[in-house]
Each structure stands twice: as C-alpha cells, then as structure tokens.
Amino acid sequence: MIIPFNKVYHTKNEEEYVLEALRSGKHCGNHQFCSKVTDLMKQKHNFNEVFLVPSGTAALEMGAVLADIKPGDEVILPSYTFSSTVNAVILFGAIPVFCEIEKETMNIDATKIEALITPKTKMILPIDYAGISCDIDEIMSIAEKHNLIVMQDCAQSYGTYYKGKASGTQAHLAAFSFHETKNFNAGEGGALVVNKKDWLERAHFIQEKGTDRRLVIKGVKSKYSWVDKGSSYLLSDILAAMLLSQLEEEDKMKALRSNITKGYTTLFNSYVERNQLSIFKVPKNVQINHHAFWVIFDSQENAELFMAGLREKTIYAYIGYMPLHSAPMGLEYGYDKNDLPLTEDLGNRIVRLPFYTELGEIGLDYCINEMSNQLNKIYS
Ligand SMILES: *Cc1c(COP(=O)(O)O)cnc(C)c1O
C-alpha cells in the first residue's frame, strides 16, 4: 500500500458545479460561485468580509497592500513558516523581524513579541501552524497597545476555532489558502478576510486592479477609473465552483480527518510519556481543523531514521519548514543561525506525517502499524 504525504479529496458536487460555471459563460472573478462561497464562509464562520483571491500567497500580498506596508516598515513574524508569509511583506520593502516560537504549537511565542517592537514596527504577522490557532487574543492586545496591524496567516487553519470564534475572525486581516495541500482544495485559491470595516471599500479597489469598477457594477457610477494602487486579486468563478463543493462538505471531511489525529495521538502518546518524543499540545481554548500532525523526535538522527524506515514501506513523511532566518534570504537580511536557537533546533527534529482526508477512511491502520514498527526499532 502506498501512503502519499498528501492526496486530493473529491467532493460530491464539484464536477457538476464546475460544469455549470463553464457553461454559464461567466468565468472571471466575482460571479455566482464566488458569491456562493463568500456567503457560505460568512454564514458558517462569521467572517466580516471575504475576498476570494488566486492563492493564499495572493491573500497575504493583498493584505500587505491594504495595510499600506512601505519600505522600512518592520513586520514581526515567526521564522518557522512558509516563504509566502515573509515574501508578502518584503515585496513592498518591509524588514522581517523574526520571533521565536513555542515548542507546544510551533507558533509565534506571544510573550517574546513586545521586546521586538520598535518605532518602525507596523505589523504582527503570526501563522496558525498545522491548523492550531496562535494566541490571537494576546497578539491583538499587544497590537492595540502599540497601534499595530495584525494579519494572521490562516493558510492552514480554515475551520479552526479559538475561544469559540473561527480563526481569521479576530485579526484585522486573515489569509486563507485553498491550495490542494490544504484541507479544502480549489487547485489554487485563497481568501483574504477583512475585519476592519473602514478598509472594505479600499479592499474592493485593490482587488480590482486599483479601479472603482465595483461602483459601476453597483450602479453608483457610470464609468470606472483608476483610484488606488492594486493588482489582479480575483479567483476565477470556475475554481470557486470547485471550492464551493469542497466547503459544503466541511463537517464530513473534518470528521474523517479527526480519525487520523486520534489514531496518531494514541500511537505516539506512549512514547511521549516516556519522554522519547513530543507531539503538539492543542491549547485548551482551541478546537483544531485537523490539518496536519507533527512529531518532534529526540534527535535529528532518529527523525531521519523514522522517515527512511517508512519510505521503505512506501509511507511518505517529511520534515517541516526550513526556518527562514537561517535560509539564504534570511542570512541576507543579516540573520545568523544562532539568533533563534529554539526554532533552529525544533526545525531539525520535526517530522510531519501523511495527512489527507481519505486517510481517515483508507490506509490509516497500515500507516499506524508500520509507524509503530519503526518506533519500536528506534526506541527498543
Ligand atoms: C500554504 C501556505 C501558504 C501559501 O498558500 P498558497 O495558496 O499555496 O499560495 C502561506 N502560508 C502558509 C503558512 C501556508 O501553509
């Protein structure tokens, strides 16, 4: 049996919806399937306003434009994230200020943020790694105190809840991804949630190439013109059709994925109890969306042995991110590997396990059996 790291999941209505979108003759952004998706997202999770965009990366970029990120602005973010998080702000000349993470969640350590704030700080940009929410209340209160903008990279956390509120409802801006490796797949796709009400009009202009085309569609104006900076941040209605079908099955998919979390947790807990490795701790006030599962081994060597052993059984697990501060671009910004020792150390010992919706139905037993064999070999 082959267990890939990730696999797309087909939902019931996607072919029908995509065909309907094709035949409608309206294929660009902001048509019927886009509105259906934004309505569904707002009803289900209570987002203030949702802008469907071509990717999670585009959502972060559009957020940076909306937040008016300018050359020399400092943005505080974890080093343990995907390149898109940092690129979204350095593209506009911002300086990345990397913050340490906490080992229980691999998310930004909110207690270390304030020490990094300077008069140039403009934004805090936390991520919800593996679908576990960062400590957004704490981050928002720091931001309020220092008059900063918070953009939450929710690429992995669609459907996660923090103190009873959906991830992405509390920060000023939140960026979601619907890339095929995430829980809900539009091929490529994303969404920018804008919770600051006085930013909504500008958000429409920025999404539509810096024009007020929306006012023409609404019948307010007869001709549209260039009114702001902007770009093409629109998701095609054909992809929105596929996304609608995926999001309609959120609860079913979450239930399947929760089987994987349960199975892996049971397996790894006995090793955790013996201090041989650690797994994430979901904070008491967070309900996860079951995006991923990670394990931190006691050494890089054992992490590699585990992955290699599984590969022989055609099960594909991988290390997580290479920290950004010690990557070639991080070094160009003047960082040194030793600047964030915890990030560097955990980054070397983490393993991400295969995790995809169908695995909750097929292959999980095989996977857990083989993982158990490998662990027994390593820790016998
Ligand atoms: C996947 C991901 C992105 C990028 O999303 P795309 O839709 O692939 O552009 C950004 N940030 C994080 C944390 C991600 O996991």
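Counting convention: from 1, in listed order, for ligands and their atoms alike. Hydrogens, waters and symmetry mates are skipped; everything else that's a heavy atom, side chains included, is used.
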Quick one: ligand 1 N/O to protein N/O pairs below 3.5 Å?
unit_1	atom_1	unit_2	atom_2	d
ligand 1	5 (O)	S177	OG	3.4
ligand 1	7 (O)	G56	N	2.7
ligand 1	7 (O)	S177	OG	2.7
ligand 1	9 (O)	G56	N	3.3
ligand 1	9 (O)	T57	N	2.9
ligand 1	9 (O)	T57	OG1	2.5
ligand 1	11 (N)	D153	OD1	3.4
ligand 1	11 (N)	D153	OD2	2.7
ligand 1	15 (O)	Q156	NE2	2.8
ligand 1	15 (O)	K182	NZ	3.3
ligand 1	15 (O)	Y321	OH	3.4

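- A cation-pi contact links R274 to Y271, judged by a cut-off of 6.0 Å to the six-membered ring centre and 45° from its axis.
- Between I101 and P78 the shortest heavy-atom distance is CG2-CB, 4.0 Å.
- Note on I350: it clusters hydrophobically with L375, by side-chain heavy-atom contacts below 4.5 Å among ILVMFWY residues.
- The two residues K42 and F47 come nearest to each other via the heavy atoms CG-O, 3.5 Å.
- Geometric assessment of K36 against the ring of F33 yields a positive cation-pi assignment under the 6.0 Å and 45° thresholds.
- A side-chain hydrogen bond (donor to acceptor under 3.5 Å, both in side chains) check over residues 303-315, counting only residues at least two apart or in different chains, returns the pairs Q300-E304.
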